[in-house]
Undergrad: 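Structure incoming, see below.
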Amino acid sequence: IMTADNEMDIKEAFQRAQKGHNNKAKLVASLKSRYNKLEDKTLFHEEFVHCLKYAMIVYKREPAVENVIEFVARFATSFQSPPKAEEEDQEEEEDEDDHPFLSFIFNFLLESHKANSHAVRFRACQLINKLLGSMAENAQIDDDLFDHIHQAMLVRVTDKFPNVRIQAALAMTRLQQPKDPDCPTINAYMLILDNDSNAEVRRAVLSCIAMSPQTLPKVLKRTRDIKENVRKLAYQVLADKVHIRALTIAQRVSLLQQGLHDISESVREVVCTCLLPAWLGRLDGNIIEMLHRLDVENCAQTALETLRAIFKYKTNEEILQDRVQLDSRKLIPVDSLTCENVLYWRALCEFIKAKGDEGDEMLEQVLPDAKHIHSITLPVLSEEQRADFSQLELVMTREFISQQLIYLIRCLDTNEEGGRKRVLAVLQEMLALPQTTSSLVSLLTEKMLTLIPDDHRRIQIVSYSLYLNLNVFLLKFKLAEVKVRIMEAKQTLEDCITAQEFSRAAELKDSITELENRRNQIVQEIAQSSQPADKESCTEKNDPDTLLRCLTMCAELLKQISLKTRIGPTISALMSSLVLPSIANSHPAVRNMAVVCLGTCTLHSKDLAKTHMVLLLQIAQLDEVKIRISALRAIIDLLLTFGFQLLSETAASQTAPPTQSPDRQEDAPAVANENQELSEDTAQSILVMLSEFLDSEVSDLRTETAEGLAKLMYTGRISSAKMLSRLVLLWYNPVTEDDTHLRHCLGVFFQLYARESRAHQEVVEESFLLTVRTLMNAPATSPLAEVDVSNVVELLVELTRPSVLIKPSAKTEEVCVHDYLAVRICGEMLKDPTAPEVRLYAKTLSNLELSREETVRKDLQTLLQELVQAPILTFSLLCSTFGHSDGENVPESVHMVRPSRRAKTAALEKTKMDLSKLINQEANVS
C-alpha cells in the first residue's frame with residue numbers, strides 16, 4: 001500500500017530532477033527501489049503521472065522541464081531487462097520486456113497525444129521519442145503497442161505545430177523498415193521532405209531517415225533546399241550514411257558542383273571537411289580512384305575544384321607525399337599517362353603555384369621544364385583511326401591528356417624575359433604541329449596571348465600564325481588589309497581638308513598613293529599564283545580543319561584584346577576575308593566558330609554591333625542548335641554591353657536618309673517615330689524569341705536562355721515580373737530536374753537578385769500571384785501540376801523578406817515589400833473566397849515580416865474585417881492565419897497604396913528607351 005512517505009518521495013524526486021546538477025542515475029535508482037518494494041503499483045502510477053502532468057503543460061523549452069522529461073525517460077526505461085541469450089525462453093523474455101510501468105507510461109502518452117493543448121501534444125511526442133531512443137538496440141515491445149505508437153506518431157507528423165511534428169518524426173526513427181517498400185514511416189518521411197514548409201521539420205527527418213534506394217533521391221534533393229541549414233545537414237547525412245559507390249557518376253558530380261559553389265560558406269565547408277573526407281576514407285584515401293569515379297573527361301572543372309578543396313585541408317608534407325609518380329625528368333611516363341593522373345598532376349602544380357613564393361621550392365619537385373613537357377608526344381592517330389567510331393574514346397582520351405599538358409605549361413615561370421621567351425617558343429612550335437586539333441589550338445593561343453601584354457603585338461603574332469596556316473590566303477588577307485587602310489586614309493584626308501590642315505593632307509595623299517600601288521602589286525601576285533605552274537605550291541588552304549584552326553585563333557585573339565582597343569585594319573581584314581565568308585560555310589563547326597568570332601568582334605565596336613545584330617538574330621533562330629546557342633550568347637552579351645538602346649540605333653541606321661537637307665528636316669519627327677516603332681518591334685521580337693527558347697525541348701538552348709535572362713535582369717537591362725515568374729517556374733519544373741547547371745544558375749540568381757535591392761524585391765513580389773495562378777491552373781497533363789505550390793510560395797516569401805537585403809533600411813517603421821504582398825494576398829482571397837488556394841494564402845500571410853507603421857496597421861484591420869465577414873472563411877482558418885501559427889506571434893499586416901516601380905524606372909534610365917509597352921506585351925507571349 002502506498003504511504004504518505006512514498007508520495008513525498010515521488011514529489012521529491014521530481015523536484016530534485018528539475019535541477020541539472022543532481023545525479024539522475026541516483027534519483028532513478030532510489031525511486032526504483034521504492035517502486036519495487038510496493039505490492040500495489042496503482043497509486044504509484046497515478047501519483048507519478050500527476051507529477052508528470054505539471055511538466056507536460058509547459059510548451060517552452062525551460063531547462064527545469066527538460067530535466068524532468070529526461071528523468072522520466074530514464075526511470076521508465078530502467079525497468080527494461082538486459083538482453084537475453086537466444087537459448088532462454090522467449091515467453092519469459094517478452095514478459096520482462098513488457099514491464100507494467102513502461103507499458104503504463106506508453107499508454108498514458110498515447111492517450112495524451114490527441115490533447116487540444118499543443119504543449120501536451122509536444123511533450124507526449126517528446127517523451128515517446130526519448131523512451132524509444134533510450135531502449136537497447138535489440139529491445140522488443142508488444143506488437144499491439146508498436147502499432148499504437150506507430151499510428152499515433154503518423155498522425156502527429158501532420159500536426160500544425162512544427163515542434164510537435166519534429167518530435168513525432170524523431171520518435172518514429174526506430175519504427176522504420178527500410179527493406180519494406182511500403183513502410184508507412186518511410187513514406188511519411190519522404191512526404192515531409194518534399195512538402196513540409198518548416199525547415200526544422202525537414203532537418204529532423206533528414207537526421208533520422210534510413211538510407212535506401214527509395215529514400216536516397218529525397219535526401220539528394222534536400223541538398224538544393226532553400227534553407228542553408230537543411231542543405232548543410234543533407235550533405236552531412238550523405239557523408240555519414242551513403243557510400244560513394246551507392247551514387248551514380250551524375251549524382252556525385254552534381255553533389256560536388258552544387259556543394260562547392262553553394263552560396264553559403266558553411267555548406268561549402270561541410271562538403272570540404274565531411275563529404276570529401278568520407279568518400280576518400282571509403283576508398284582508402286586513394287584520390288586517383290576517386291577521380292576515376294567522377295569521370296574527369298566530362299567534368300574536368302568539377303574534378304579540379306574537388307582537388308583544390310582536398311589540397312586546401314592538407315599540409316605541404318601531405319601534398320608532396322600524395323603526389324603522382326614522376327621520373328627523373330619530373331614527368332609521368334607516356335605509357336602511364338591517364339586522364340586521372342594527368343589531371344591530378346595539373347591540379348597539384350596549379351595549387352602549389354598559387355601559394356606564390358611559399359610554394360616555389362615545392363613546385364620545383366613536381367613541375368618539369370617546358371621542353372620536357374613538349375617532349376611528351378602521344379602517338380598520332382591516322383585519319384582512318386580518327387574516323388573510326390570505335391576509336392572515338394581513344395581520340396577523346398588523348399585529346400584530354402594533351403589539354404591538361406598545355407594547362408601544365410601555364411604553371412611555368414614566365415616572370416623573367418628569358419623564361420617567357422622559352423615558353424612562347426614552345427607554344428608556337430605546338431601550334432605549328434599538323435596534329436594539333438582546334439580545341440588544343442584554343443588553349444595554346446590563349447596561353448600564348450597571355451604572355452604578350454601589348455594588344456598590337458598580339459594581333460601581329462596571331463596574324464603571322466594565320467599566314468602560316470592559310471598559304472595563298474595570305475595575299476587575299478593582305479589585300480583586304482590594304483583596302484581598309486586606303487579607306488581609313490581617305491576618310492582622314494577629308495577630315496584634314498575640312499579642318500584646313502593642308503600639310504597633313506599632303507602627307508596623306510602620298511600615303512594613299514603608296515597604299516594603292518601596294519594594292520595593285522598584291523592583285524598581280526594573286527593573279528600569278530592562280531597560274532597552273534604555281535597551283536601545286538601555292539594552293540589556298542580553305543579546308544574545314546584549316547579554317548577552324550584559323551577561326552579559333554581569331555576568336556581567342558578577340559577575347560584577349562581589350563574592349564578599348566580600336567578595331568584596326570588587320571582585324572577588319574580578318575572580318576571581311578575570313579569571318580564573314582565562313583558564316584556561310586557548309587561545315588557546322590566552321591560556322592559556329594565564325595559566329596563566335598563575329599559576336600566577340602561586335603563587342604569591340606558599337607558600329608559593328610548595329611550592323612550585324614539582325615544577322616545574329618537570324619542565326620539564333622535558323623541554324624543548328626550549337627550555332628544558335630553561340631549566336632544567342634552574342635546577342636545577350638551585346639544587350640548587356642550596349643543595352644536595348646542598341647536596337648533603336650540599329651533601326652535609325654537602317655532607316656535614316658543619307659543626307660538631311662533643309663527641305664527634309666520637317667520629316668525628322670516622323671522618322672524618329674518610325675525608328676522608335678522599329679526599335680520596339682525588334683525588342684519585342686527578342687523578348688518573344690527568348691520566351692520561346694525557355695519552352696524549348698533542347699535543354700542546352702533552354703539553359704543558355706535562362707542564364708542570359710538572369711544576367712539581363714540582375715544588371716537592370718530588363719525589369720519584368722513576367723520573366724521572373726517564368727524563371728521560377730522553370731526552376732521548379734520537373735522537366736529540368738536533371739539539368740544541374742540550370743538549377744544551380746537560377747538558384748544562385750534568385751538569392752543574389754533579391755538581396756541586391758528593394759527594387760528587385762518589388763519585382764519578385766509582383767511575380768507572386770502570377771506564379772501561383774500559373775501553378776494552380778496548370779492542367780493535369782502539365783509537368784507543373786507536380787510542383788508543390790507551398791514550396792514555391794515559401795521561396796518567394798523568403799526572397800522578399802526585408803532582412804535578406806544586403807543593405808536593409810535603417811528605418812524600422814518604413815513600409816516594406818511584405819506589406820504590399822499582404823495586400824495583394826488579401827485582395828486575392830476576397831476575389832474568390834471559395835478558391836482552393838485560399839488556405840495557402842492564409843498560411844502565407846502568417847509567415848510575412850510586416851512593418852509597424854501605424855497608418856498601414858489601421859488600413860490592414862479594415863481588410864481583415866472584410867475577410868472575417870466572408871462566409872467561406874471560417875473563424876478557425878483566420879485564427880490559424882492571424883493568431884499563433886507555428887507557435888509564434890505573427891506581425892500585423894499592412895495595407896497601403898502602391899508606389900511606382902523603381903525597378904522599372906532604373907531599367908528605363910539604363911536603356912534610354914520606353915520598354916513599358918514591351919513588358920506589358922510580354923504577358924501574352926508565355
Side-chain angles (χ1 to χ4, degrees), residues 248-254 256-257 287-307 324 331-347 349-350 373-410 427 430-431 433-447 543-549 551-553 555-556 587-593 596 624-627 629-630 698-700 703 738-741:
T248 65
I249 290 177
Q251 288 171 337
R252 297 168 198 157
V253 174
S254 176
L256 293 175
Q257 282 178 340
I287 299 179
I288 301 297
E289 178 64 21
M290 191 183 77
L291 291 178
H292 181 70
R293 297 182 180 278
L294 293 180
D295 188 18
V296 296
E297 288 183 68
N298 296 313
C299 63
Q301 188 58 37
T302 302
L304 283 171
E305 292 166 354
T306 301
L307 288 171
V324 290
L331 297 175
I332 299 177
V334 174
D335 55 355
S336 300
L337 280 173
T338 65
C339 295
E340 289 77 24
N341 64 20
V342 74
L343 183 74
Y344 181 88
W345 189 19
R346 169 198 166 186
C349 291
E350 290 179 344
I373 297 178
H374 184 33
S375 68
I376 302 179
T377 54
L378 299 176
V380 180
L381 297 175
S382 64
E383 287 298 325
E384 291 75 13
Q385 287 177 309
R386 297 181 68 87
D388 187 358
F389 188 78
S390 62
Q391 299 290 324
L392 180 61
E393 184 176 355
L394 179 61
V395 172
M396 295 177 64
T397 298
R398 290 185 176 178
E399 185 163 324
F400 180 84
I401 292 174
S402 300
Q403 288 176 353
Q404 305 316 308
L405 292 174
I406 294 172
Y407 280 114
L408 202 60
I409 294 176
R410 294 178 170 185
L427 293 172
M430 296 177 74
L431 268 175
L433 293 174
Q435 67 265 29
T436 303
T437 62
S438 58
S439 62
L440 300 182
V441 167
S442 176
L443 293 174
L444 290 168
T445 307
E446 179 189 353
K447 176 57 182 173
D543 59 283
D545 287 341
T546 301
L547 289 175
L548 188 56
R549 287 165 62 96
L551 287 167
T552 302
M553 283 189 277
E556 288 301 326
H587 198 279
V590 174
R591 290 203 310 277
N592 181 62
M593 192 54 65
V596 172
E624 295 185 8
V625 171
K626 186 176 182 180
I627 305 173
I629 290 174
S630 296
V698 181
S699 61
D700 290 342
T703 299
D738 296 329
D739 195 337
T740 306
H741 180 73

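Throughout, numbering of the chain's residues begins at 1 and tracks the sequence.
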Undergrad: How close do V253 and T302 get, heavy atom to heavy atom, and via which atoms?
TA: O-CG2, 4.1 Å

Undergrad: Start with the C-alpha gap between T436 and R549, add the side-chain angles, then the distance that decides, and say whether side chain to side chain contact (heavy atoms under 4.5 Å, CB included) holds.
TA: CA-CA 9 Å; T436 303; R549 287 165 62 96; 3.8 Å; yes

Undergrad: Quick one: pull up CE in M593 and CE in M553 and give me the separation to the nearest 0.5 Å.
TA: 11.5 Å

Undergrad: Taking side chain to side chain donor-acceptor pair (under 3.5 Å) as the test, write out the residues that go with T338, two or more places apart.
TA: N341

Undergrad: If only side-chain N and O atoms count, and only distance matters, is there a donor-acceptor pair under 3.5 Å linking S699 with D739?
TA: no

Undergrad: Is the backbone of I332 close enough, under 3.5 Å, to the side chain of S336 for a donor and an acceptor to pair up by distance?
TA: no

Undergrad: Please round to the nearest 0.5 Å and tell me the distance separating atom CD1 of I287 and atom NE2 of H292.
TA: 16.0 Å

Undergrad: Going by the rule salt bridge (Lys or Arg N to Asp or Glu O under 4.0 Å), which residues pair with E350 if we only count those two or more places apart in sequence or in a different chain?
TA: R308, R346

Undergrad: Please report the shortest heavy-atom distance between K447 and L427, naming the atom on each side.
TA: CG-CD1, 3.5 Å

Undergrad: How long is the straight-line distance from CG of L291 back to CG of L304, given to the nearest 0.5 Å?
TA: 9.0 Å

Undergrad: Can you list everything that forms a side-chain contact (heavy atoms from CB on, under 4.5 Å) with S630? Sequence neighbours excluded, please.
TA: N592, V595, V596

Undergrad: Would you compute the distance between atom OH of Y344 and atom CD of Q404 and round it to the nearest 0.5 angstrom?
TA: 15.0 Å

Undergrad: Minimum heavy-atom separation for P588 and I627, please, with both atom names.
TA: O-CD1, 3.6 Å

Undergrad: Apply side chain to side chain contact (heavy atoms under 4.5 Å, CB included) to E305 and L256, showing your working.
TA: CA-CA 9 Å; E305 292 166 354; L256 293 175; over 6 Å; no

Undergrad: At what distance, to the nearest 0.5 angstrom, does CG of L440 lie from CE of M430?
TA: 7.5 Å

Undergrad: To the closest 0.5 Å, what do you measure between OG (S402) and CD (E399)?
TA: 7.5 Å

Undergrad: Just to verify, what does T306 make a side chain to side chain donor-acceptor pair (under 3.5 Å) with, not counting sequence neighbours?
TA: none

Undergrad: Begin with the C-alpha distance, continue with both residues' side-chain angles, and end with the deciding distance and a verdict on side chain to side chain contact (heavy atoms under 4.5 Å, CB included) for L331 and W345.
TA: CA-CA 10 Å; L331 297 175; W345 189 19; 3.8 Å; yes

Undergrad: State, to 0.1 Å, how close T445 and E556 come at their nearest heavy-atom pair, and which atoms those are.
TA: CG2-CB, 3.7 Å

Undergrad: What heavy-atom pair brings L294 and C299 nearest, and what distance separates the two atoms?
TA: O-SG, 2.8 Å

Undergrad: State, to 0.1 Å, how close L343 and A303 come at their nearest heavy-atom pair, and which atoms those are.
TA: CD2-CB, 3.5 Å

Undergrad: Please list, chain by chain and in numerical order, all residues satisfying side chain to side chain donor-acceptor pair (under 3.5 Å) with R591, sequence neighbours excluded.
TA: D623

Undergrad: Of all residues at least two apart in sequence or in a different chain, which pass the side chain to side chain donor-acceptor pair (under 3.5 Å) check with E624?
TA: none

